[in-house]
Amino acid sequence: MSGDRLSTRFAACAAQGRAALVTFVTAGDPDLATSAEILAALPGAGADVIEIGMPFTDPMADGPAIQRGNLRSLAAGTTLRKVLAMVTAFRETDNATPVVLMGYFNPLLAFGPERFAAAAKAAGIDGCIVVDLPPEEGGELAPALAARGLHLVRLATPTTDAHRLPTVLNGASGFLYYVAVAGVTGANSAAATDVAEAVARLKASTSLPIAVGFGVRTPDQAAAIATHADAVVVGSAIVDAIGAAAEERANDIPARVAAQVAALAQAVRTARTEKAA
Amino acid sequence: MNAPTGSLRAGPDANGHFGEFGGRYVAETLMPLILELEQAYIAAKADPAFQAELDDLLKHYVGRPSPLYFAERLTDELGGAKIYLKRDELNHTGAHKINNCIGQILLARRMGKTRIIAETGAGQHGVATATVAARFGLPCTIFMGARDIERQAPNVFRMKLLGAEVKAVESGSRTLKDAMNEALRDWVTNVHDTFYIIGTAAGPHPYPELVRDFQTVIGKEARSQILEREGRLPDLLVASIGGGSNAIGLFHPFLDDKDVRIVGIEASGKGLTTHEHAASLAGGRAGVLHGNKTMLLQDEDGQITEAHSISAGLDYPGIGPEHAWLHAIGRVEYQSATDTEALEGFQLLCRTEGIIPALEPAHAIAAVARIAPTMAKDQIIIANLCGRGDKDIFTVAAALGVTM
């Protein structure tokens, strides 16, 4: 699709012979103003794609770090409308970095799938990952997103066998998110060899870029994944750092996040050349 | 419409939907698991050996059939319809929860699973799960909100005596919904060896269907018992509803009997006009939580709000999807009872029948006390007495201002 920020960005990274770095932060964590500053700092620090978590009271696929991020955000008064406004503001200075919203279905359902799709498009959002919306239940949201050229990103996991994979891939767009470990976010990391095998298996069935996430915390772990996958997703480690900084009432949270992301980006960008050398 | 035969008992459809409700709203990691569970359940249903073992355990271990008891003094006191109580509080472990746990652990064994997890609110489902895990020699972990652990200490100790590990859930509101979140997190992490015994007729398909099926033993027995006693069907069925497993278990075999009026009782806590209630049909909107679409207590942004009931077993912001559908199509009438009314129902049954009910069915007794006097003396009510009240005496004493 021409003008599609996701495909343009993945193609650019591939042309540079490297994986993309996808960073996850929860919108409104620890508050909306700080969150907007963090968002603005991410592309300069080396985030190629930004995932923004929409907070939910019951994030049942998330581990403790992102659960706490959700609660901090809700306590600060974050709503879906404010998340969309934050992305609208972000787009005034950055019209190239893809932004993908990630969250749970109920807040989208409450907002109204059609109304949400229209508002997301207007805000400059590129796609959505809805954790508790498997392909079988996509009927209320998927057509509304597709009608506006927004991607509904599908997830594959270690339990996605050959029988299940076609269902996941049918209608997948944007990229394929591979959940590297069976578990919640922020859990243990997967063995690099397991990830390599899984990526190879997925690539045999789809031409979509494969982003690998769950359990990727450090630059070394990110580099190990980046040698195999098209993109590496880091979430809980960043959200943990935001939480720790908020705890100590730090006033330089965006700068700290930027430094953390820069180290991850450096590792991801040099992973394949380091390995070759 | 998901009842092509014209029967209201034909649901859910192939994708687990009851009308617009139900479905499978889970993380992709769990999808192959619940699809496998569905296949295993279909195979089990078709296997006479599975049903035979279930029946044998229900008879000799649980103590079924439970009596259908004519509550003569309660009937006289209220001065209206004849009141029968379905005595599921006489089951082993003291509540209807065991009916479902026996069925699910047989499924777990059939699927080769070696570890059991469950969520619990008041602790009744946790105790029933720990019981069957001990009976079948499987390790068991029960997730329970930290706040519920504080208010249900006897059940926590019972679970531990039965060999279960009880994990305190500190996230969110630290009650049943958070225990269910944590159980789902454990399940997604331990998919290969773990079976999740969900305690109510909710969650992703096929749970609402299979929990209902295991609980319909209540309604099937009640139907044949009342036909034997009275030679006809009842005029009214009444049951309390949190997630709604005891209610759907009683109601389901009667759904196609158009002359049987069916009333479910939600917990309206401190009142429907307050925010402190657990009536998700009366005070909620359609939404998605814990794997199914159903009626939920939530704010305008789709964030889940906390439920309140004096009964920890009804203290949940959702309801089983089949109830949401039966409400939408109007087949079942849903009313509510407050904490205060439930306490009155609790004492009424103690005083008139010498039966200490759990606070959950005390809500149903409260509704019976309201409705029975408006009915004729030759009419018949069956109320589901789904649990006994030993576990609740501390709560009741506190509510009545009594120091023990």
Side-chain angles (χ1 to χ4, degrees), chain A residues 54-64 67-68 70-71 74 77-83 103-112 116 129-140 154-161 163-165 167-168 177-179 181-185 187-188 214, chain B residues 14-17 20 22-36 119 169-173 177-194 203-205 285-294 296-306 317-318:
Chain A
M54 300 175 280
F56 184 46
T57 40
D58 294 82
M60 56 233 162
D62 285 297
Q67 289 174 42
R68 286 192 291 264
N70 276 254
L71 292 178
L74 290 171
T78 306
T79 62
L80 185 48
R81 193 180 293 109
K82 291 176 184 174
V83 175
Y104 295 81
F105 189 44
N106 200 53
L108 301 184
L109 190 60
F111 198 88
F116 167 74
I129 304 172
V130 188
V131 179
D132 56 352
L133 198 70
E136 284 85 345
E137 303 293 351
E140 281 183 281
R154 292 276 175 76
L155 299 103
T157 79
T159 62
T160 309
D161 56 17
H163 177 70
R164 177 72 185 161
L165 187 57
T167 305
V168 169
Y177 190 133
Y178 180 65
V179 174
V181 287
V184 294
T185 53
N188 297 331
F214 277 48
Chain B
N15 291 313
H17 292 104
E20 69 162 306
R24 308 177 183 101
Y25 295 85
V26 296
E28 182 58 38
T29 307
L30 290 177
M31 278 303 291
L33 276 292
I34 63 169
L35 294 170
E36 182 194 351
E119 85 294 338
V169 176
E170 299 283 356
S171 58
S173 60
K177 89 177 166 70
D178 309 285
M180 195 152 181
N181 289 335
E182 210 57 39
L184 285 164
R185 289 177 187 127
D186 181 292
W187 197 27
V188 81
T189 308
N190 298 290
V191 281
H192 296 295
D193 67 349
T194 296
H205 178 65
R285 284 182 293 120
V288 169
L289 180 71
H290 293 155
N292 58 177
K293 182 185 271 192
T294 189
L296 297 172
L297 299 179
Q298 55 181 314
D299 68 15
E300 61 179 13
D301 296 314
Q303 305 295 348
I304 308 303
T305 53
E306 287 182 33

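Each chain gets a letter, A, B and so on, in the order the sequences are listed, and its residues count up from 1. Remember, it's a predicted structure, so these values are computed and weren't measured experimentally.
Considering NZ of A:Lys82 and CG of B:Asp301, their distance stands at 8.5 Å, rounded to 0.5 Å. To the nearest 0.5 Å, atom CG of residue A:Asp58 and atom CD of residue B:Gln298 are 11.0 Å apart. The NE2 atom of B:His192 sits 7.0 Å away from the OG1 atom of A:Thr159 when rounded to the nearest 0.5 Å. Here CD1 of B:Ile304 is found 4.5 Å from CG of A:Asn106. Values are rounded to the nearest 0.5 Å.
No part of A:Ala187 comes within reach of chain B, as not one of its non-hydrogen atoms sits under 4.5 angstrom from that chain. Proximity to chain B (any heavy atom under 4.5 Å) is restricted, for A:Asp62, to the backbone atoms N, CA, C and O. Of the atoms belonging to B:Glu300, it is backbone heavy atoms, and not side-chain ones, that fall under 4.5 Å from chain A. Heavy-atom distances place the side chain of A:Leu74, and not its backbone, under 4.5 Å from chain B. For A:Val168, the part lying near chain B is the side chain, with the backbone staying farther off; criterion is any non-hydrogen pair under 4.5 Å.
The only member of B:Val288, B:Leu184, B:Val26 that meets side-chain contact (heavy atoms from CB on, under 4.5 Å) when paired with A:Asp132 is B:Val288. If you run side-chain contact (heavy atoms from CB on, under 4.5 Å) between B:Glu28 and each of A:Thr167, A:Thr157, A:Leu133, only A:Thr157 comes through.
The heavy-atom pair separating B:Lys177 from A:Thr57 by the smallest distance is NZ-O, 4.3 Å. The nearest pair of heavy atoms linking B:Asn15 to A:Glu137 is O-OE2, 4.3 Å.
Ranked by heavy-atom pairs shorter than 4.5 Å toward chain B, the options A:Ala156, A:Pro64, A:Pro158, A:Pro59 are led by A:Pro59. With chain B as the partner, the residue from A:Val130, A:Leu155, A:Leu71 showing the most heavy-atom pairs under 4.5 Å is A:Leu155. Comparing B:Gly16, B:Ser173, B:Gly287 by heavy-atom pairs within less than 4.5 Å of chain A, the highest count is held by B:Gly287. Of all the listed residues (A:Phe111, A:Phe105, A:Tyr104), the one sharing the greatest number of non-hydrogen pairs under 4.5 Å with chain B is A:Phe105. Between chain B and the options A:Arg68, A:Arg154, A:Arg81, A:Met60, the largest number of non-hydrogen pairs under 4.5 Å is found for A:Met60. The greatest number of non-hydrogen atom pairs below 4.5 Å with chain A, out of B:Leu30, B:Thr29, B:Asp299, is found for B:Thr29.
Residues B:Asn181 and A:Gln67 are not in side-chain contact: their nearest non-hydrogen atoms beyond the backbone lie 4.5 Å or more apart. For the pair B:Thr189 and A:Val181, the minimum side-chain heavy-atom distance is 4.5 Å or more. Annotation: side chain of A:Glu136 is not in contact with side chain of B:His205 (no heavy-atom distance under 4.5 Å). Contact of the B:Leu289 side chain with the A:Phe56 side chain is registered, since non-hydrogen atoms from C-beta on lie closer than 4.5 Å.
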Exercise for the section: Evaluate the criterion side chain to side chain contact (heavy atoms under 4.5 Å, CB included) for residue pair A:Val184 and B:Val188; output intermediate values, then yes/no. Expected result: CA-CA 7 Å; A:Val184 294; B:Val188 81; 3.9 Å; yes
